[in-house]
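What follows is one structure encoded as structure tokens, with my remarks underneath.
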Amino acid sequence: MNNHWKEILGNSLSTIGTIQAAIGSTPQFHFNQNQSYQWRLIGNVLQALGSALSADGQGGPSLERLGDNIQAVGNSAVITGLLLYGTSDTEAEQKLIISGNWIQALGSFTGLADEFFDSTEEGRAENIIGNLLQGIGNALQAFSGVQVLYGNSINQGQLGVAGSWIQTAGSVIALIGEFLEESEEIRSGIDE
């Protein structure tokens, strides 16, 4: 598989995973605790795989590659929190998930910085908006996790749910941008 398709497939997996994790985090879907856990776990696994595949599709060192790798590490921290503590919702699990969300936000913002230097015009605006929204969404999830961890009963995790869907919107927009960017590079004969 060439690098262009690795990036497109990686971004597609990340988007599917982001949607799945957001669904699992949304109380309005009325999942029981185990169902919510499964949706969030599988969603984060897809996001980690997608980010790693996207990073592998980068031709060489770049902020985009670094950002994808950082996001994969962030998702791995969330996965670790979910796997080690299951559905018990312990303080240690919450702290790992919070850390993972902060790390993912850092990865999104790192990838965002790369877009300002990218020589491919197609998809640039979508990638900038998408990475910005993903970073904001992850930061909101992390902040919400901190609030819930320390007993802020006003929030009750709703900020985190909003953050999940903001991250999802950003992921979808970034997928469109990545498809446009890679399509232009394929037409132009740019090989990464």
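Leu140 and Leu133 fall within a single hydrophobic cluster, where Ile, Leu, Val, Met, Phe, Trp and Tyr are joined by side-chain heavy atoms under 4.5 Å apart, directly or via other members. Hydrophobic clustering (side-chain heavy atoms under 4.5 Å, transitive across Ile, Leu, Val, Met, Phe, Trp, Tyr) keeps Phe29 apart from Leu159. Connection of Phe116 to Ile173 is established within a shared hydrophobic cluster, with ILVMFWY side chains joined at heavy-atom distances below 4.5 Å, either directly or through further cluster members. Ile42 and Ile23 sit in two unconnected hydrophobic clusters of ILVMFWY residues. Membership requires side-chain heavy atoms under 4.5 Å apart, directly or through other members.
At a threshold of 4.5 Å between non-hydrogen side-chain atoms, the residues Ser164 and Gln141 count as touching. Contact annotation: the side chain of Gln20 approaches that of Leu46 to within less than 4.5 Å [non-hydrogen atoms, C-beta and beyond]. Proximity of Asn127 to Glu122: side-chain heavy atoms (C-beta onward) are nowhere separated by under 4.5 Å. Side-chain atoms of Pro27 and Val161, non-hydrogen and from C-beta on, do get closer than 4.5 Å to each other. Between Leu96 and Val78 the shortest side-chain heavy-atom distance does not fall below 4.5 Å. Between Arg40 and Ser25 the shortest side-chain heavy-atom distance falls below 4.5 Å. Residues Trp102 and Asn138 are not in side-chain contact: their nearest non-hydrogen atoms beyond the backbone lie 4.5 Å or more apart.
A side-chain donor-acceptor contact under 3.5 Å links Trp165 and Thr26. Residues Asn3 and Gln58 have side chains that never bring a donor and an acceptor to within less than 3.5 angstrom of each other. Defined by atom type and a distance below 3.5 Å, a donor-acceptor pair is present between the side-chain atoms of Gln47 and Gln167. Side-chain polar atoms of Gln71 and Ser108 form a donor-acceptor pair below 3.5 angstrom.
Note that the CD atom of Gln147 and the CD1 atom of Ile98 stand 9.5 Å from one another [nearest 0.5 Å].
The closest donor-acceptor contact from the side chain of Ser36 to the backbone of Gly24 lies under 3.5 Å. A side-chain donor-acceptor contact under 3.5 Å links Tyr37 to the backbone of Leu82.
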Could you go step by step and tell me if Glu181 and His4 meet the side-chain contact (heavy atoms from CB on, under 4.5 Å) rule?
-> CA-CA 9 Å; Glu181 177 184 336; His4 298 292; over 6 Å; no
Walk me through it: do Glu64 and Thr110 pass the test side-chain contact (heavy atoms from CB on, under 4.5 Å)?
-> CA-CA 7 Å; Glu64 185 176 0; Thr110 303; over 6 Å; no
Please walk me through it: do Glu7 and Ser54 pass side-chain hydrogen bond (donor to acceptor under 3.5 Å, both in side chains)?
-> CA-CA 4 Å; Glu7 287 190 69; Ser54 292; over 6 Å; no
Step by step, work out the side-chain contact (heavy atoms from CB on, under 4.5 Å) result for Phe109 and Asn131.
-> CA-CA 7 Å; Phe109 292 134; Asn131 279 312; over 6 Å; no
In sequence, state the C-alpha distance, the side-chain angles, and the governing distance for Asn11 and Phe179, and then conclude on side-chain contact (heavy atoms from CB on, under 4.5 Å).
-> CA-CA 9 Å; Asn11 275 279; Phe179 184 78; over 6 Å; no
Could you walk me through whether Ser171 and Thr15 pass the side-chain hydrogen bond (donor to acceptor under 3.5 Å, both in side chains) check?
-> CA-CA 5 Å; Ser171 185; Thr15 299; 2.9 Å; yes
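Aromatic ring pairs are classed by plane angle as parallel below 30°, tilted from 30° to 60° and perpendicular above 60°; the pair Phe31 and Trp39 is parallel.
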